[in-house]
Amino acid sequence: MADTATRPAHSRRRFLAGLAGIGAAGMGAAPLTGCSALGLGTGREARGLDVWTLTDPVQNKIQRAALARLRRSHPVPAKLTPFPNTGYTQKLRIAMGTSDGPDVFWSWGGESLRPYHDAGLVVDLADRFGKDTRWRDAFLPAALQAARVDDREPLGLPVRGMQPVILFCNQTLFDEHDLRPPRTWDELLDVVDAFVDADVLPVSLAGAESWCELMWFECITGRLTGAGALRKIFAGERGSWRHPAIEEALDRIQNLVRRGAFGRAFGSVSYGSGGASALFAKGRAAMHLMGSWEYSNLRNDHTRFTEEGLSWVSFPEIPGGTGDPRALVGNNTNYLSINARSSDIDAGLDLVGTQLAARPFIDALIKAGDVPAAVGIEDRLSDLAPDPDFALHVYRIVSEAPDFTLSWDQAMLPAVKEAMLSSLQQIFLEELSPRQFVDAMEVIQ
Amino acid sequence: MTAPAPAPARPAFLGRTRAASHTDNAARPGALYAVPAILVFGVFALVPLVLVGWLSFTTWNGLGDPRWTGLGNWRDLITDPGLLHSLRITAVLTIAGWAVQTPLALLLGVWAAGAQRGRAVASALVFLPLLLSGAATALVWKALLDPNFGLAGSVGPWVGMPDGNLLGTAGGALTAIIAVGAWQFVPFHMLMYQAAARNVPAHLYEAATIDGAGRVRQFWSITLPQLRNTVVTSSTLMIVGSMTTFETILILTDGGPGAGTQSMPFRMYQQAFKSFEMGPASALATVLVLFGTALSLLIVRFSGFSRMRSTLEGI
């Protein structure tokens, strides 16, 4: 739920990538005209296929192997260009604005893909593949949701695993205090009160980064109402923020804050530097609401805890809410799409349409701890995944989900998103009332 | 203290002298010498500046061609309540940054100007933060200010923050940015003051001692007036620097909590590279440029810096 510029594929990298982001940021006002205004851009024919992706040693290796396999059918040189997470969105936007952009690019779907579609810069896969729909039938429909701009056929295909938001629990703490992970809202409140009484922080929340707070807002709203109300918000319809579920969700958040669910110092805790994860894994906080990528982070950084003390549940049901309790929110997955200005669209189509669903690619993802979006891979998950329990859990909840809402900050217009994120921080700090939040968002909408 | 002596004759540069007139121009090299600097400045500063000015009248999301929208962005900018807020944040950062850094740098610099070996070692230590990049500094401080695993939890209670929740409140976050800025930039200004203080002729102090002036009196009556030009230079750099503080905010608070630390440069970045609204961001950038320029001009004008009189004149 991070803004695209900072969203973790794996959190630790993000921390370091901050450094690189400064480069892009430091460019500041002066060069923002980019190259297109100056008419720069040279020599794309000589280059072959350039594939832009995020820096991730494990994933990049898997992606390079896919490019190597591509070379068998397309003897063009293909090159992987990885970028750090922070600043990627900005770099991509500037490069795509020139004639020298990548041939194939990585995105989060939703609003990170729409502007390129609107500018006519994304190859329409359905158009290219015609009646044969195997290219998209190879993937779970819920995972393709974010690649469907305006309910069209997907404009990109999954290059990574699925990342729904999950409520992680420190089972050791729950056992010690004779509690069980909450399944309903009332249970959640009871658990919060019990942990507060026992002087344990109920929930680890990285309040310095508002996308972490957004997960609570998304999950509660998702339980209170279905996806229809949200679609209106994402579409920028006037009055859409006035849906009663929004105000109620914010009310419930402030109720949690007042009960001490997040402690008092959450506003200074950050996710990128590992603060929130450490609170949770070191036994100082009982719950952590986070994307499923948190599992691999915990496994890397707190191996023993992950093996002995970690459990997970879906977000609690809210009695009276009309949202389907199986509905999910989070990063559907990440997509590769093809630049319509590419000099070798066929090679791009082969990469995206064939290699991404190919068995060696999917198997490599599973072995790396991802839960790919490919159809019918339960057996391979239980054979190859480093932790089959977790992988199968994620795979099943996505397969059964009637709706997998893309993280709101990816689904909204960037300007609305920025306003929402900073207002939400004020909700958590109780500087804004739910009504004021709604009013403020309506003004911006 | 001393009677004015005739100014020394100016040396003739590069063998070119004009006997007829002894103006400044006579001794300066020709315009050709400035060409490289003018070229670099033109390509990397003036051209982008003009383009940004033009962009401020357009709508552009970075893709395709900018669309002319006339004064729309400027109208929005003037009526934007966020502008006033970020202006206030910027003003606080600038004024507080100057007020905190100047006395520290001045005192440290004058102290470090002494010849003792211990002082040289100590100033070398104080100087260290300047060697770190701004981003690295901010990252380190962010880790230090973590309330649970950083120093903030243990130091917080002493400064009225029992939870160490420094970055979680608007006031605390602003204070943190000012403090980190001071930690980072005081060494640089200290260096300026140190060099300038070493240039104060020793005989001034000797004369003052004979006249019975104590250390404090000497500081106010000799050191400070002698450092006048340095104070102006350093203040200009500090004020323009604080006004454009960006990376510390981006990394340390990301403009938060809420909009608590959204200064003008941060807001400009957010509009340009997070919201991809290049038009409004360019309008804001233009305002920033005008502000910065106006401020430097004001400082130079009212401080007498433009007359560039040496503090050693007449000594």
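Of the inter-residue distances, the one linking A:His117 atom NE2 with B:Leu63 atom CG reads 13.0 Å to the nearest 0.5 angstrom. Put simply, CD on B:Glu277 and CD on A:Glu418 are 10.0 Å apart, with the number rounded to the nearest 0.5 Å. The CZ atom of B:Phe276 sits 12.5 Å away from the CG atom of A:Leu413 when rounded to the nearest 0.5 Å.
Among the candidates B:Leu145, B:Asp146, B:Asn148, B:Thr286, the residue making the largest number of heavy-atom pairs closer than 4.5 Å to chain A is B:Asn148. Each of B:Asp65, B:Leu288, B:Asn61, B:Thr169 has some count of heavy-atom pairs under 4.5 Å with chain A, and the biggest count is that of B:Asn61. Put simply, of B:Pro257, B:Gly260, B:Gly255, B:Gly256, the one with the most heavy-atom pairs under 4.5 Å next to chain A is B:Pro257. Annotation: maximal heavy-atom pairing with chain B below 4.5 Å, among A:Ala208, A:Gly275, A:Ala265, occurs at A:Ala265. For the options A:Ser423, A:Pro414, A:Ser270, heavy-atom pairs under 4.5 Å to chain B are most numerous at A:Pro414. Ranked by non-hydrogen atom pairs under 4.5 Å with chain A, the options B:Pro147, B:Gly172, B:Ala176 are led by B:Pro147. Taking A:Gly263, A:Gly120, A:Ala278, A:Ala419 one by one and counting their heavy-atom pairs under 4.5 Å with chain B, the maximum is reached by A:Ala278.
Atom CH2 of B:Trp98 has 12 or fewer neighbouring heavy atoms from other residues, nucleotides or ligands inside a 6.0 Å radius. No more than 12 heavy atoms of other residues, nucleotides or ligands lie within 6.0 Å of CZ in B:Phe291, so this atom counts as exposed by the packing criterion.
Using a 4.5 Å cut-off between heavy atoms, A:Leu279 contacts chain B through both its backbone and its side chain. Neither the backbone nor the side chain of A:Leu424 has a heavy atom closer than 4.5 Å to any heavy atom of chain B. Heavy-atom distances place both the backbone and the side chain of A:Tyr116 under 4.5 Å from chain B. If you measure heavy-atom distances from A:Ala415 to chain B, the contacts under 4.5 Å come from both the backbone and the side chain.
Between A:Glu209 and B:Asp254 the shortest side-chain heavy-atom distance does not fall below 4.5 Å.
At distances below 3.5 Å, at least one donor-acceptor pair connects side-chain atoms of B:Asn165 with backbone N or O atoms of A:Arg264. Side-chain atoms of A:Ser268 come within 3.5 Å of backbone atoms of B:Leu166 as a donor-acceptor pair (strictly under, hydrogens ignored). Counting only distance, with no hydrogens or angles, the side chain of A:Gln90 and the backbone of B:Phe273 share a donor-acceptor pair below 3.5 Å.
The minimum heavy-atom distance linking A:Gln426 with B:Gly258 is given by the pair CG-CA, 3.7 Å. For the residue pair B:Ala259 and A:Ser422, the shortest heavy atom distance occurs at N-CB, 4.2 Å.
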